[in-house]
*Asks:* 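This structure is in structure tokens; I'll ask about it shortly.
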Amino acid sequence: MATFKAWVVEKSEGGQSLSFQDFDESGLMDGDVTVRITHSGLNYKDDLAMTSKMPVVRRFPMIPGIDFCGVIEGSNDPAWKSGDTVVLTGWGVGETHLGGFAERARVKGGWLVPLPDGLSPAQAMAIGTAGYTAMLSMIVLEKHGLTPQTGPAIVTGASGGVGSVAVSLLKRAGWHVIAATGREGETDYLKRLGAAEILDRAELAGDPKPLAKERWAAGIDAVGSKTLANLLAMTKGGGAIAACGNAGGMDLPSSVAPFILRGVSLIGINSVTTPQQPRREAWARLAKELDLDALAEMTETVGLKDVGDLAETILAGQTRGRTVVEIG
Ligand code: NDP
């Protein structure tokens, strides 16, 4: 019986259990491409899946890990051949389809993108779903017509994965970046990534007014809830906020005032099912535009067997930036 090492979430009497196992290869799900995974990344959703704090896992047993990079071992998809190095983010991997915290995966060829020129597999997973989401967010703000000349950009959850990459990308593109964080101790870190100003996230946590003093033209929000409502109330006329996360809650206690009185736009980001063309465009831009020294600064690396022990830390806000899982 061929097996590979994997973290596995199973249904148990108490709800869910997580264990590091030898997983039987015959248990891999349908797909036309088999990948030897070399790297994965630890994302917020993975921690929700591993700790069962939210019902992220919708098939049991499940291998968590919503993204991975690896080398193709076998392909029935003419678009791919053995030896190709590929990147996967989203498509329900780690939620409804066996995921990346493992030595093997079998997936649909249409879910994959080639490793972008200029990035190593480790760098691709240092970017991971979080960094790719930050780039999708920056792209929608640009498509809205916003530029560094239209005013500052705010990033919430700034010391987290999405936030750290967003700060760095926006700075590189010429924006004056305001980084909102709850961690005073990360001020120097955020300034090294490119933040021009640090805002205590407590200032965005109060009950939102319909409108407040205009402070920024653009924003990338990883937090949601009152934070997002306050962001909208403080956005300049014609500005836009890209909403990509819910680290602070799923609700949105806002009003229509920013939309109808200031023409503010709220743009949603869903990285999971982004079609191939914008997906490849985002990865190509990340390879070209992200400061790789900044990426190294925001990245820690752990081994596959350590992932389970880290499950609680990201949700407790104890990790900063990105965590790469080295597997190969
Ligand atoms: P991280 O845990 O790395 O970062 C989240 C950050 O949010 C924390 O570092 C913290 O930043 C801040 N934060 C945490 N809890 C709270 C709170 N209660 N109130 C206010 N701020 C808080 O997660 P990621 O960056 O990987 O993901 C961020 C969010 O984006 C998650 O909700 C995730 O699910 C979502 N996401 C969505 C995607 C999509 O396709 N739409 C794709 C990827 C991620 P600080 O300490 O600096 O304040």
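The chain is numbered in sequence order, starting from 1. Ligands are counted one by one from 1 in listed order, and the atoms in each one are counted from 1 as well.
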*Asks:* Given that the side chain starts at C-beta and the backbone is N, CA, C, O, which of these parts of T133 lies under 4.0 Å from ligand 1, counting heavy atoms, or is it both or neither?
*Replies:* side chain

*Asks:* Please determine which of N43, T299, T129 meets the side chain to side chain donor-acceptor pair (under 3.5 Å) test together with R322.
*Replies:* N43

*Asks:* Of the choices E186, R320, R183, E184, which has the non-hydrogen atom that lies closest to atom 9 (O) of ligand 1?
*Replies:* R183

*Asks:* Can you list the ligand 1 atoms lying under 4.0 Å from a non-hydrogen atom of S271?
*Replies:* 39 (C), 40 (O), 42 (C)

*Asks:* Can you list the atoms of ligand 1 that are under 4.0 Å from a heavy atom of G157?
*Replies:* 6 (C), 7 (O), 11 (O), 12 (C), 47 (O)

*Asks:* Between the side chains of R106 and D30, is the shortest nitrogen-to-carboxylate-oxygen separation below 4.0 Å, so that they form an ion pair?
*Replies:* no

*Asks:* Run the numbers for me: atoms of ligand 1, each under 4.0 Å from some heavy atom of G248, listed by number.
*Replies:* 17 (C), 18 (N), 19 (N)

*Asks:* Tell me: protein heavy atom nearest atom 30 (O) of ligand 1, and distance?
*Replies:* G245 CA, 3.3 Å

*Asks:* Out of K45, R201, M298, whose heavy atom sits nearest atom 22 (C) of ligand 1?
*Replies:* R201

*Asks:* Do any nitrogen or oxygen atoms of N246 lie less than 3.5 angstrom from nitrogen or oxygen atoms of ligand 1?
*Replies:* yes

*Asks:* Can you pull out the closest protein heavy atom to atom 25 (O) of ligand 1? Residue, atom name and distance to 0.1 Å, please.
*Replies:* V162 N, 2.8 Å

*Asks:* Ignoring hydrogens and geometry beyond distance, is a side-chain donor-acceptor pair present between D24 and S26 at under 3.5 Å?
*Replies:* yes

*Asks:* Which option, G321, A222, C244, owns the non-hydrogen atom nearest atom 35 (C) of ligand 1?
*Replies:* C244

